[in-house]
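Worksheet: the structure to be examined is printed underneath.
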Amino acid sequence: MRKKIVAGNWKMNKTFEEANELIDDLVEALEETTPKRDNIVIVCPPFPYLEMASDIASDSYYSVGAQDVSAEESGAFTGEVSAAMLQSMDIEYCIVGHSERRAYHGESDSLIARKVNQLLANKIQPIVCCGEVLEEREANRQFDVVRRQITDGLFHLSDQQILNVVIAYEPVWAIGTGKTASPEQAQEMHAFIRSLLAEKYGKPIANEISILYGGSCKPSNAKELFANPDVDGGLIGGASLKASDFIQIVAAMNDARK
Ligand code: PGA
């Protein structure tokens with residue numbers, strides 16, 4: 001059965017000291033929640049804090065992810081961080097194709113596909129983001145957009161490879177806006193993504209792939225979002241910056257009966 005996952009995307013927030021404090025608070029709060037076997041908690045801090053987060057993680061039950069990776073293997077790419085570097089630091093997950101990377105850094109589906117390849121070659125699980133912008137939803141083009149992102153970003157992968165991918169559906173109009181997709185809108189798109197996976201890889205494989213929801217997910221709405229049959233957890237931005245909020249979202253995942 002596919003895993004339930006709550007991942008915190010800290011984005012470009014926190015000084016080193018603040019990051020350390022947040023991790024300490026998280027560890028403490030996680031000790032008080034009952035971990036459920038197979039449920040996964042991931043923390044994705046900025047690159048400079050990965051080592052600190054991963055050192056502390058060894059005494060807790062969260063995993064560590066990066067927020068991005070280079071599409072190149074190694075060499076003269078100033079400022080870039082390779083998948084091999086992340087692997088050498090025991091980083092297990094990495095977000096790719098976040099809408100902020102697509103919008104502000106011009107990332108295309110084909111670049112994202114190359115990043116996914118680098119990660120899989122280094123045994124890191126990609127958390128691949130997809131999602132439409134507001135104008136696309138208003139024009140009822142959200143399914144076409146997500147189909148293109150999933151097809152061009154992922155469908156070159158083998159059966160074995162796709163099983164190591166996590167997908168995050170993040171409608172761009174819901175990210176950081178306080179405006180969340182309704183549970184029905186989330187379920188509809190998640191079921192659509194799973195049907196695309198089933199068409200390409202078959203139902204048994206599609207049923208093994210975790211599809212997370214992201215976009216203003218918070219303690220007050222996590223429960224109803226996670227109750228949907230095809231919503232396997234969340235990718236959390238703003239609410240992951242406060243341990244007490246993040247932990248309530250983790251608890252909502254643990255309580256979701258599915
Ligand atoms: P948000 O961000 O929870 O602050 O909307 C989600 C994300 O961008 O991953």
Side-chain angles (χ1 to χ4, degrees), residues 4-14 18-19 22 26 40-47 49-50 53 62-69 91-107 112 115-116 119 124-134 136-137 142 145-146 149-150 153 165-183 185-186 189-190 193 210-226 228 231-253 256:
K4 287 196 269 176
I5 301 172
V6 165
N9 173 13
W10 292 9
K11 309 192 181 185
M12 196 173 73
N13 289 296
K14 307 275 176 195
E18 289 164 351
L22 176 53
L26 272 176
I40 299 174
V41 179
I42 306 171
V43 172
C44 303
F47 285 127
Y49 311 151
L50 285 174
Y62 69 86
S63 301
V64 180
Q67 296 176 16
D68 187 32
V69 70
I91 303 305
E92 294 174 81
Y93 297 90
C94 182
I95 298 169
V96 275
H98 191 279
S99 63
E100 287 148 18
R101 302 288 319 171
R102 292 178 190 261
Y104 309 141
H105 301 270
E107 292 200 2
I112 290 159
K115 293 186 172 195
V116 168
L119 291 169
I124 297 169
Q125 281 193 254
I127 302 173
V128 182
C129 304
C130 60
E132 78 286 356
V133 300
L134 184 61
E136 291 163 340
R137 181 159 281 265
Q142 67 271 28
V145 171
V146 169
Q149 291 171 334
I150 296 287
V165 169
V166 175
I167 294 173
Y169 169 58
E170 301 203 302
V172 182
W173 45 270
I175 296 180
T177 57
K179 206 168 144 188
T180 319
S182 68
Q185 284 172 322
M189 185 59 87
H190 284 229
I193 294 169
S210 303
I211 307 176
L212 316 183
Y213 169 80
S216 299
C217 184
K218 45 191 176 234
S220 58
N221 59 25
K223 203 171 159 196
E224 49 174 12
L225 284 162
F226 298 171
N228 289 289
V231 180
D232 305 310
L235 179 55
I236 320 300
S240 71
L241 297 172
K242 229 175 114 192
S244 58
D245 284 355
F246 189 63
I247 226 65
Q248 287 182 62
I249 299 173
V250 170
M253 161 177 73

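Every value quoted in this text rests on a predicted model; they were computed, and no experiment measured them. Counting convention: from 1, in listed order, for ligands and their atoms alike.
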Is there side-chain contact between Val250 and Tyr62, with heavy atoms separated by less than 4.5 Å?
no
Using a 4.0 Å cutoff against the non-hydrogen atoms of Lys11, which atoms of ligand 1 qualify?
2 (O), 7 (C), 8 (O)
Atom indices of ligand 1, in the order listed, that fall short of 4.0 Å to a heavy atom of Glu170:
6 (C), 7 (C), 8 (O), 9 (O)
Would you mind listing which atoms of ligand 1 come within a distance below 4.0 Å of any non-hydrogen atom of Asn9?
9 (O)
Per-atom contacts, ligand 1 versus His98 - under 4.0 Å to a heavy atom:
7 (C), 8 (O), 9 (O)
With a 4.0 Å heavy-atom cut-off (strictly under), which part of Ala174 contacts ligand 1: side chain, backbone, both or neither?
backbone
Smallest heavy-atom separation, Tyr169 atom then His190 atom, equals CB-NE2, 3.7 Å
Starting from atom 3 (O) of ligand 1, find the nearest protein heavy-atom neighbour and note its residue, name and distance.
Gly237 N, 2.9 Å
If the test is side-chain hydrogen bond (donor to acceptor under 3.5 Å, both in side chains), which one of Glu170, Glu107, His105, Gln67 qualifies with His98?
Glu170
So for Lys218 against ligand 1, with non-hydrogen atoms under 4.0 Å, the contacting part is neither
Taking only non-hydrogen atoms of Gly176, do any sit less than 4.0 angstrom from ligand 1?
yes
How about Tyr93 and Ile40: do any of their side-chain heavy atoms sit closer than 4.5 Å?
yes
Atoms in ligand 1 with a heavy atom of Gly238 nearer than 4.0 Å
1 (P), 3 (O), 4 (O)
Sequence neighbours excluded - side chain to side chain donor-acceptor pair (under 3.5 Å) pairs with any residue from residues 236-253
none
What pairs with Arg102 under side chain to side chain donor-acceptor pair (under 3.5 Å), at least two apart in sequence or on another chain?
Asp109
Is Ser210 reaching over with its side chain to a backbone N or O of Val166, donor-acceptor style, under 3.5 angstrom?
no
Are Ser216 and ligand 1 in contact, using a heavy-atom cut-off of under 4.0 Å?
yes
